[in-house]
Q: 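My questions all concern the structure below.
In the text below, chain A, chain B and the rest are named by the order of the sequence lines, each starting its count at 1. We use all heavy atoms of the structure for the numbers below, so side chains are in, but hydrogens, waters and symmetry mates are not.
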Protein chains: 2
Amino acid sequence: MQDNQIYDYLLSHGVKGSVQRVAVMKYLLEHHTHPSVDEIYNDLVRKLPTLSKTTIYNTLKLFVDQGVVRMLTIDGKNANFDGDTSEHAHFFCFGCEKIYDIPQSKTNCEQEISLPGGFKAEQTELYYKGYCPACLTKRDC
Amino acid sequence: MQDNQIYDYLLSHGVKGSVQRVAVMKYLLEHHTHPSVDEIYNDLVRKLPTLSKTTIYNTLKLFVDQGVVRMLTIDGKNANFDGDTSEHAHFFCFGCEKIYDIPQSKTNCEQEISLPGGFKAEQTELYYKGYCPACLTKRDC
DNA sequence: GTACGTGCAAAGAATTTGCAGATAA
DNA sequence: TTATCTGCAAATTCTTTGCACGTAC
């Protein structure tokens, strides 16, 4: 994906671009690994040697506030980030500690409807935790 | 609720009791406020002046591992704890930053079924985020 | 007396803040 | 120019660890 496409993508979400911001957004669009701040930083600092972790924090906070990126708190330790804002759930594997995308249809979880008592949800996060197929095989259970 | 009932409740979940453990469990059963480590500590230290925050951490970790307590990572900052392990979702209000319980029926979210590709979920967490009725009124929207 | 629980102090890790220099419109 | 963005260093906060003492069976 071209940098100027990403620049426009950010602009359309109310975020002014910069070399660093485009790099972070590009990273999230190309890596569906739900990276942590550290992972993003360690990968990007090779291409942008002067990059600072503060900038990663600033950038991700901005992206999350503008709704360009989702923050996941599934692993209980670090925050993880997802450039895919379409409706889907996440699965955290206790074995390999990776986060997997899980399709989430209205049929699977009708989350918009029927919140009682006037609660109004702007976001929904559905987290599953357990063992992924590969780790299940290793453990024989 | 009597301390010895709580002692037995813990024992039935494989946790040996102690003054501190019973106090923490009692606190969680009596306060449905989804408290953080600090809130639990600050309240309990008045009754148990020698109480240490390390003990709260140790105790909660033990409880979560044994499935007596649920850990919530909904607020993105601190961990919160819930002594109610029955199936229900949580709602985090951006205004008052409180966590509310939300009924979660199979109809609302059929989470056990149909995880694709052999994923096997042991836990499910459904988080809503938005504004609670009181905060919605204040903001007029 | 042996194993386990508790609590202090220190260490470690993650994130935020203050501010000065760099950059872009 | 003028506002905004970046990045360093320090500060803060949250959580974990190591270890000595206490407690219970």
Q: Identify whether any heavy atom of B:Asp38 sits under 4.0 Å from a base atom; if not, whether one sits that close to sugar-phosphate; answer base, sugar-phosphate or nothing.
A: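 B:Asp38: no heavy atom of the nucleic acid under 4.0 Å.
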Q: Within the distance-only criterion (no hydrogens, no angle test), does the side chain of B:Tyr127 pair as donor or acceptor with the backbone N or O of A:Thr73 below 3.5 angstrom?
A: no
Q: In whole angstrom, give the distance that lies between atom CG of B:Leu48 and atom C1' of D:dT23.
A: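 B:Leu48 atom CG is separated from D:dT23 atom C1' by 15 Å.
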Q: Answer with base, sugar-phosphate or nothing: what part of the nucleic acid does A:Ser18 contact at a heavy-atom distance below 4.0 Å?
A: sugar-phosphate
Q: For D:dT15, take OP1 and OP2 only and decide whether either is under 4.0 Å from a side-chain N or O of B:Tyr57.
A: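 Affirmative; the distance criterion is met.
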Q: Which nucleotide, C:dC4, D:dT15, D:dT6, lies nearest any side-chain atom of B:Ala79?
A: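 Closest nucleotide among those given: D:dT15.
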Q: Flag the pair A:Arg70 and A:Asp84 as a salt bridge only when some basic side-chain nitrogen lies within less than 4.0 angstrom of an acidic carboxylate oxygen.
A: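 Salt bridge between A:Arg70 and A:Asp84, a charged N being under 4.0 Å from a carboxylate O: no.
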Q: Output the rounded distance in Å from NZ (A:Lys77) to P (C:dT15).
A: 9 Å
Q: Within less than 4.0 Å of OP1 or OP2 of C:dT23, is there a side-chain N or O belonging to A:Gln20?
A: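 No, because none of the side-chain N or O atoms of A:Gln20 sits under 4.0 Å from OP1 or OP2 of C:dT23.
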Q: Could you say whether B:Gly17 or A:Lys61 is positioned toward the 5' end of DNA chain C, judged by the nucleotide with the nearest heavy atom to each?
A: B:Gly17
Q: Side chains of B:Ile102 and A:Leu115: does their closest heavy-atom pair fall under 4.5 Å?
A: yes
Q: So do A:Arg21 and A:Leu10 actually touch side chain to side chain, heavy atoms under 4.5 Å?
A: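 The answer is yes; the side chains approach within 4.5 Å.
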Q: Please determine if a side-chain N or O atom of B:Thr55 lies less than 4.0 Å away from the OP1 or OP2 oxygen of C:dG7.
A: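 It does, given that an N or O in the side chain of B:Thr55 lies less than 4.0 Å from OP1 or OP2 of C:dG7.
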Q: Output the rounded distance in Å from CG (A:Asn58) to P (D:dT6).
A: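 Value for this atom pair: 8 Å.
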Q: Minimum heavy-atom separation for A:Gly95 and A:Tyr131, please, with both atom names.
A: N-CE2, 3.5 Å
Q: Rounded off to whole Å, could you give me the CD1-to-C1' distance for the B:Ile56 and D:dC14 pair?
A: 15 Å
Q: Can you measure B:Lys53 atom NZ to D:dC14 atom P for me and round it to whole angstrom units?
A: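 From B:Lys53 NZ to D:dC14 P: 8 Å.
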Q: In terms of side-chain heavy atoms of B:Thr54, which of C:dT15, C:dG5, C:dA9 is nearest?
A: C:dA9
Q: Using modelled atom types and a 3.5 Å cut-off, is there a donor and acceptor pairing between side-chain atoms of A:Lys129 and backbone atoms of A:Ile74?
A: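 Yes; at least one donor-acceptor contact below 3.5 Å.
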Q: Taking five pairs at each end of the helix from C:dG1-D:dC25 to C:dA25-D:dT1, what angle separates the two helix axes (nearest 10°)?
A: 30°
Q: Less than 4.5 Å apart, any side-chain heavy atom of A:His90 and any of A:His34?
A: yes
Q: What's the CZ-C1' distance between A:Phe81 and C:dT15, to the nearest Å?
A: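 Interatomic distance, CZ of A:Phe81 to C1' of C:dT15: 10 Å.
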Q: Quick one: A:Leu60 CG to D:dC5 P, roughly how many Å, whole number?
A: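 In whole Å, D:dC5 P and A:Leu60 CG are 15 Å from each other.
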Q: Think B:Ser52 has a side-chain N or O under 4.0 angstrom from the OP1 or OP2 of C:dT6?
A: no
Q: Rounding to an integer number of Å, can you tell me how far B:Lys16 NZ sits from D:dA24 P?
A: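 Between P of D:dA24 and NZ of B:Lys16: 11 Å.
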